There are 2 protein chains.
Amino acid sequence: MKRKITLKQIARELDVSISTVSKALSNSKEISEDTTKKIQAFAKLYNYKPNNIALSLKNRKTKTIGILIPEIVHHFFSTVIRGIELIANRRGYNVIVGLSNESFTKEIINMEMLANGSIDGFILSISKETLLKQDYHHFNATINQGMPIVMFDRVVNEVDCDKVIVDDFNGAVKAVKKLIANDCKHIALITTMDYVSVGRLRTQGYIEALETSGVDADSNLILKIDDSLDVENHLEILENEIAQFFKINEDIDGVFAVNELYAVTAMKVARKLGLSIPDDIQVIGFTDGVLSKHATPSLTTVSQHGQKIGEQAANLLIDRLEAADAESDQYFTNDERKSDFIKMVIETEIIERESTK
Amino acid sequence: MKRKITLKQIARELDVSISTVSKALSNSKEISEDTTKKIQAFAKLYNYKPNNIALSLKNRKTKTIGILIPEIVHHFFSTVIRGIELIANRRGYNVIVGLSNESFTKEIINMEMLANGSIDGFILSISKETLLKQDYHHFNATINQGMPIVMFDRVVNEVDCDKVIVDDFNGAVKAVKKLIANDCKHIALITTMDYVSVGRLRTQGYIEALETSGVDADSNLILKIDDSLDVENHLEILENEIAQFFKINEDIDGVFAVNELYAVTAMKVARKLGLSIPDDIQVIGFTDGVLSKHATPSLTTVSQHGQKIGEQAANLLIDRLEAADAESDQYFTNDERKSDFIKMVIETEIIERESTK
DNA sequence: TGTTAACACGAAAACGTTTTCGTTGCGAAT
DNA sequence: ATTCGCAACGAAAACGTTTTCGTGTTAACA
């Protein structure tokens, strides 16, 4: 077991100074051709690679970005990570992942753990509990310490930073309009309690689409699921709620659901009730995950392009980091350093499958 | 924008030395009560937190572990990450994620990027391309430099390190025996080309279960899918292959598939052919993901307990890291430093759902 | 012969910590 | 009055780099 070799060891071995070794390895003109060759050969032989930590300390930047998300076993979030990792790697950055598990406290702990030098900036999506509490001081504190943040998907106006969001509103509008165009007369909405902004926006899109088509939204046709219950592990609760909902509203011929689980479950329940899809009921879900693709019938969905979101977020963050580098060369007064933050909207796309005509 | 405060700044501000500040903050007895209080108050006021990078450099350990996996948009791998992150966080470690994307080269690049001081150890699962090439020098090189590795799921005998694996063989045996017990007479296997060890083990389990039950495995009943094709995006290829398979072998009354996609697709195809599940054909899949849970009918599966795998892997790695710490205090001859590596087997569990009787 | 310029290299600081080893000043003991 | 011991603090090294600023040697030039 041989530890990694350092400049100091090379220097001692070759009887030159550390500076000489460093310069030779970076092909400095200061060092003679002979010594350069000798040093480079030796370094290659012993597989010298500069120590990242030392570089980080010296350069005061780590070349790694921190991702902080509520959950990782989740198709959307993992596609976002994939997008971030793709760009990060391409631009020479590493990616460190923290999970808030939808908890306010874990979000804070995680931020503090990473904000003390471990990373150059954050890409994050806010936890449900934080959204409920509406307490965003930790984000602003981090930003004030000079660490840039890019938020995605679950964002909030109270924090001044770059944002990448899905066009939830128009995605919902498109979906519902498609149902209308497909001759649905009674379109139901299955949504969550709306403290998470994205849920609210999708609901608004649903209403908007109906109203511009001259239909009044019927509140009886809106089912709000309490997603504080552990629906994943108690599917029957969800199924029962939806079954009741369908029984009470027999005229439903279209369903728009704010996530794919609700959509797929709605299809399952409908079929148990003897309804056929898409003949009796057409269904569109938000979020294009594995469930939608492989359900029978396969589900028409509003795709959010998670990977693209991740890529854009990563590019935004790295752009800002490297702009900050360049800036430190120049002189800026506080007024000139105006940081107008970017809010990037990723368009949704309807993926048509078997659950609509 | 105020940058994070350092010991040096506190020292200057309070007109004491850096050492004094450091000691005061760690409650050293060397410093008088007065100065300690003064310094601690000042530090708290300015929210002093030690810089992780500086600590890493000094302590020669980063308190972060590197995860290197082939893919992240994948239920199994993301549950493993969740398990790792859980334990890592609990034990004071961070987690940095690299994706090999099933590519040999990206695996190496990623390892080298992280192995230069950024992390204390690896938890990884080998990429398909690496398994094909059977070239494991980068793993051994990393280990030789004193960086411990824990492998999970896709492991290989050629690398000496701790391993956490699923009991693929017995999982398959259990599944197939269940089908046999459920009166299936002609049990098919849907598997992949078997250069990935786990596929091979599951196939062997299938054969073993049949043979101990006095049935000869019929090679006609084994369908090997070439998973180098992009099956996710060309589902119809997979469906056609399975459809052909079912038509040729009309007597199939049970299916064991090595992943949930194959299993769910098999169910879909069977139903298109007019067969009912579980009455005509019973199906069991390996890997318990979202698809299995939400398919109709829901799929009986062999659960791998991905999160537990991650937790165990993290514990193994951190145990070894901290053992190495303690070891450096003591004196060891090379003979005494025997490192007998642990191979931990996580038992599988059959989750019974609607696709079996 | 004396000055200069180019060349090749080394010393040292800096990044932010922790820790070892002094070094003061002062009261008590001899 | 001298020594001792202790309390309270500071200096400096170390972790591994990069980079600025010397410094010594040699060759060229006047």
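The figures that follow rest on heavy atoms only: side chains count, while hydrogens, waters and symmetry mates do not. Since the structure is predicted, the reported quantities are computational estimates derived from the model, not experimental observations. Residue numbers begin at 1 in each chain, while the letters A, B, ... track the order of the sequences.
- Toward the 5' end of DNA chain D, the nearer of the two residues B:L57 and B:T36, judged by each one's closest nucleotide, is B:T36.
- Within the 4.0 angstrom heavy-atom criterion, no nucleotide atom of any strand lies near B:S26.
- Using a 4.0 Å cut-off, no side-chain N or O of B:T20 falls inside it from OP1 or OP2 of D:dA8.
- Applying the 3.5 Å distance criterion, the base of C:dA11 shares a donor-acceptor pair with the side chain of A:S19.
- Spacing between atom CD of B:E33 and atom P of D:dA7 amounts to 14 Å, rounded to whole angstrom units.
- Between A:K163 and A:F341 the shortest side-chain heavy-atom distance does not fall below 4.5 Å.
- Not one side-chain nitrogen or oxygen of A:S56 sits closer than 4.0 Å to the OP1 or OP2 atom of C:dC15.
- Residue contacts for A:T6: at a heavy-atom cut-off of 4.0 Å it reaches the sugar-phosphate backbone alone, with no base atom in range.
- The environment of CG in B:D15 is sparse: at most 12 heavy-atom neighbours from other residues, nucleotides or ligands sit within 6.0 Å.
- At whole-Å resolution of the value, CG in A:N59 and P in D:dC15 are 20 Å apart.
- Mapped onto DNA chain D by nearest heavy atom, B:S17 and B:K58 fall at different nucleotides, with B:S17 at the one closer to the 5' end.
- Between A:E85 and B:K106 there is a salt bridge, since at least one side-chain N of the basic residue sits less than 4.0 Å from a carboxylate O of the acidic one.
- Rounded to an integer number of Å, the gap from A:K63 NZ to D:dT17 C1' is 16 Å.
- Distance NZ (B:K8) to P (C:dT17): 10 Å, rounded to an integer number of Å.
- Distance from the side chain of A:R60 is smallest to C:dC15 among C:dC15, D:dG16, D:dT17.
- Judged by distance alone, with hydrogens and angles left aside, B:K23 brings a side-chain donor or acceptor within reach of the base of C:dT20, the pair sitting under 3.5 Å.
- Using a distance-only test at 3.5 Å, with no hydrogens or angles considered, no donor-acceptor pair links the side chain of A:N51 to the main chain of A:I5.
- OP1 or OP2 of D:dA8 has not a single side-chain nitrogen or oxygen of B:K29 nearer than 4.0 Å.
- Comparing D:dC9, D:dG16, C:dT17 against the side chain of B:S32 picks out D:dC9 as the nearest.
- Proximity note for B:T35 (side chain, C-beta onward) versus D:dT20, D:dC9, C:dC15: the nearest is D:dC9.
- Using a 4.5 Å heavy-atom cutoff, the side chains of A:I69 and A:V80 are not in contact.
- C:dT17 atom P lies 10 Å from atom CD1 of B:I5, rounded to whole Å.
- When rounded to the nearest whole Å, the span between CD1 of B:I18 and P of D:dG10 equals 11 Å.
- Residue contacts for A:L55: at a heavy-atom cut-off of 4.0 Å it reaches the sugar-phosphate backbone alone, with no base atom in range.
- Summarising the geometry, the separation between CG on B:L7 and P on C:dT19 is reported as 12 Å, rounded to the nearest angstrom.
- The interatomic distance linking A:I53 (CD1) with C:dT17 (P) rounds to 14 Å, in whole Å.
- Closest contact between the side chain of A:N51 and the listed nucleotides D:dT17, C:dC15, C:dT17 involves D:dT17.
- A:R154 has a carboxylate O that lies under 4.0 Å from a charged side-chain N of A:E102, or vice versa, which qualifies the two as a salt bridge.
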